[in-house]
J.: 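Dumping the structure here so I can ask a few things about it.
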There are 2 protein chains.
Amino acid sequence: MKNKVQACLTKDDIVDSLKNVGVNPTAQRIAICQFVLCQGDHPTADEIKTWVDQHFPKLSLATIYNTLKTLTDAGVLREYKFPHSGKSFYDNNLVDHYHLLDEESGKLIDIDSKSINVSKGFLKEFTVNKMDVIFYGKHKSQVDG
Amino acid sequence: MKNKVQACLTKDDIVDSLKNVGVNPTAQRIAICQFVLCQGDHPTADEIKTWVDQHFPKLSLATIYNTLKTLTDAGVLREYKFPHSGKSFYDNNLVDHYHLLDEESGKLIDIDSKSINVSKGFLKEFTVNKMDVIFYGKHKSQVDG
DNA sequence: TTTAATGCAAAGCGTTTGCACTGCT
DNA sequence: AGCAGTGCAAACGCTTTGCATTAAA
């Protein structure tokens, strides 16, 4: 069972996506999107920088942060922060979901929002606009589970 | 309905609490505890500093951070980090619970852990050691709710 | 040419650290 | 004297910012 199935987008797909949300598709932004929208799995800014440095002549950290903000504001990405790390994580999964930090691999795994439910009593007492959940644990493998 | 009922501890109570967990009850630590264990409501380090500056001749930020770490390690406090703020929040409620950020007041409200439950299916698939939940919303008052 | 996007370096914020100093025992 | 605890300032990690430079319409 795959955590996420993310078909690799072509450069043209990315250009279209950016245009669709009113973001000027510069070479730097396309490069960043190639990683974040496709290959990256909840990358941090520095992980993006590392990848981009190997695939793009020169691209500053400031541009990465600017671009991530632009893409987040445009609704192409979501930014997450978790208690276990000071860094921001960027997620191309735009559907509401939670996360599990796999304590063995250190990787974040997307968790379906149906996996938890909030008690009726609580919802009677509070108006909830948003909620964030992070689990710490690991996936039970078929072998040792 | 009160969010938390926290009887104000006497200085002697605090001294005893610290001794009980093997922490040397210095004047600075007692001062910090007077706020954090009693009056404070999920204070941050700088809020603790502000209070302490008004009640103690001189106490450095470093000592506040050191003391918070000592108290957290000793199990007297819990440290929480939430996505909406870069700061750490310190909580004297040692019972497992979640939080709601009241978007009107900016205050954190303790939420009973019974308020949410995790689906059996999810728990069959993952081993969960810990989970953090934060709600963003507000308490429904009896008037406008 | 005029406007947006970029790169760099500096500043920002919250926290941690190194080290000298203080004050108990 | 010895040692834990403290204070200060510097360093830290991550992110944001100001501003000069570049590139694109």
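Here is how names work: the chains are called A, B, and so on, in the same order as the sequence lines, proteins then strands, and each is numbered from 1. What you see is a predicted model, and the numbers here were worked out from it, not measured in a lab.
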J.: Looking at the rings of A/Phe122 and B/Phe135, which for Trp means the six-membered one, are their centres under 6.0 Å apart?
T.: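 They qualify: ring centres under 6.0 Å apart.
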J.: For A/Glu79 and D/dT15, what is the distance between atoms CD and C1' respectively, to the nearest whole Å?
T.: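 Rounding to the nearest Å, CD of A/Glu79 and C1' of D/dT15 are 10 Å apart.
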J.: May I ask you to decide if the ring planes of B/Phe89 and B/Phe82 are parallel, tilted or perpendicular, using 30° and 60° as cut-offs?
T.: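 Correct class here is tilted.
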J.: Would you kindly give the CG-to-P distance between A/Asn24 and D/dA23, to the nearest whole Å?
T.: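 Nearest whole value for this atom pair: 15 Å.
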J.: Is any NZ, NE, NH1 or NH2 atom of the basic residue among A/Asp96 and A/Arg78 found under 4.0 Å from an Asp or Glu carboxylate oxygen of the other?
T.: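 Yes, this pair counts.
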J.: In whole angstroms, how far is the C1' atom of D/dG13 from the NZ atom of A/Lys81?
T.: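 One finds 12 Å between C1' of D/dG13 and NZ of A/Lys81, rounded.
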J.: Nearest-Å distance, OH (B/Tyr65) to P (D/dC8)?
T.: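 It works out to 16 Å between those atoms.
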J.: Measuring to OP1 and OP2 of D/dT15, would you say a side-chain N or O of A/Ser88 lies under 4.0 angstrom away?
T.: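 For D/dT15, OP1/OP2 do have a side-chain N/O of A/Ser88 under 4.0 Å.
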J.: Can you confirm whether A/Asn129 sits close enough to B/Glu103 that some side-chain heavy atom of one is under 4.5 Å from a side-chain heavy atom of the other?
T.: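 Answer yes - side chains close enough.
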J.: Are the aromatic ring centres of A/Tyr90 and A/His42 under 6.0 angstrom apart?
T.: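 No, ring centres 6.0 Å or more apart.
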J.: Select from A/Thr67 and B/Phe89 the residue whose nearest nucleotide in DNA chain C is closer to the 5' end of that strand.
T.: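 By nearest-heavy-atom nucleotide position, the 5'-most residue is A/Thr67.
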J.: Scan B/Asp46 against the nucleic acid and name what it touches under 4.0 Å (heavy atoms): base, sugar-phosphate only, or nothing.
T.: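 Counting heavy atoms under 4.0 Å across all strands, no contact is made by B/Asp46.
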J.: Listed in order of residue number, which residues of residues 49-59 of chain A have a non-hydrogen atom at under 4.0 Å from DNA chain C?
T.: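 Contacting residues: A/Lys58, A/Leu59.
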J.: Distance under 4.0 Å to a non-hydrogen atom of chain B counts as contact; along DNA chain C, which nucleotides mark the start and end?
T.: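 Contact boundaries, 5' end first: C/dG14 to C/dT17.
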J.: Choose from D/dC8, D/dT17, D/dT15 the nucleotide whose nearest atom is closest to any side-chain atom of B/Ala62.
T.: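 So the nucleotide nearest the side chain must be D/dC8.
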J.: Is any side-chain N of the basic residue among B/Lys138 and B/Glu104 closer than 4.0 Å to the acidic one's carboxylate O?
T.: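 Salt bridge present between B/Lys138 and B/Glu104.
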J.: D/dT15 C1' sits how many Å from A/Leu61 CG, rounded?
T.: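 Rounding to the nearest Å, CG of A/Leu61 and C1' of D/dT15 are 9 Å apart.
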J.: Output the rounded distance in Å from NZ (A/Lys69) to C1' (D/dT16).
T.: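 Distance, rounded to whole Å: 11 Å.
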J.: Salt bridge or not between A/Lys11 and A/Asp16? Use side-chain N to carboxylate O under 4.0 Å.
T.: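 Looking at A/Asp16 together with A/Lys11, the answer is no, because their closest N to O distance does not fall below 4.0 Å.
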J.: How close or far is atom P of D/dT15 from atom CD of A/Glu47, stated in whole angstroms?
T.: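 Rounded to whole Å, this separation is 11 Å.
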J.: From B/Asp46 CG over to B/Ile48 CD1, what is the distance, rounded to the nearest 0.5 angstrom?
T.: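 Here the interatomic distance stands at 8.5 Å.
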J.: Take atom OH of A/Tyr90 and atom P of D/dC14, then tell me their distance rounded to the nearest Å.
T.: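 So the two atoms are 12 Å apart, to the nearest Å.
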J.: Indicate the ring-plane relationship of B/Trp51 and B/Phe35, choosing parallel, tilted or perpendicular according to the 30° and 60° boundaries.
T.: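 Taking B/Phe35 first and then B/Trp51, their aromatic rings lie parallel (interplane angle under 30°).
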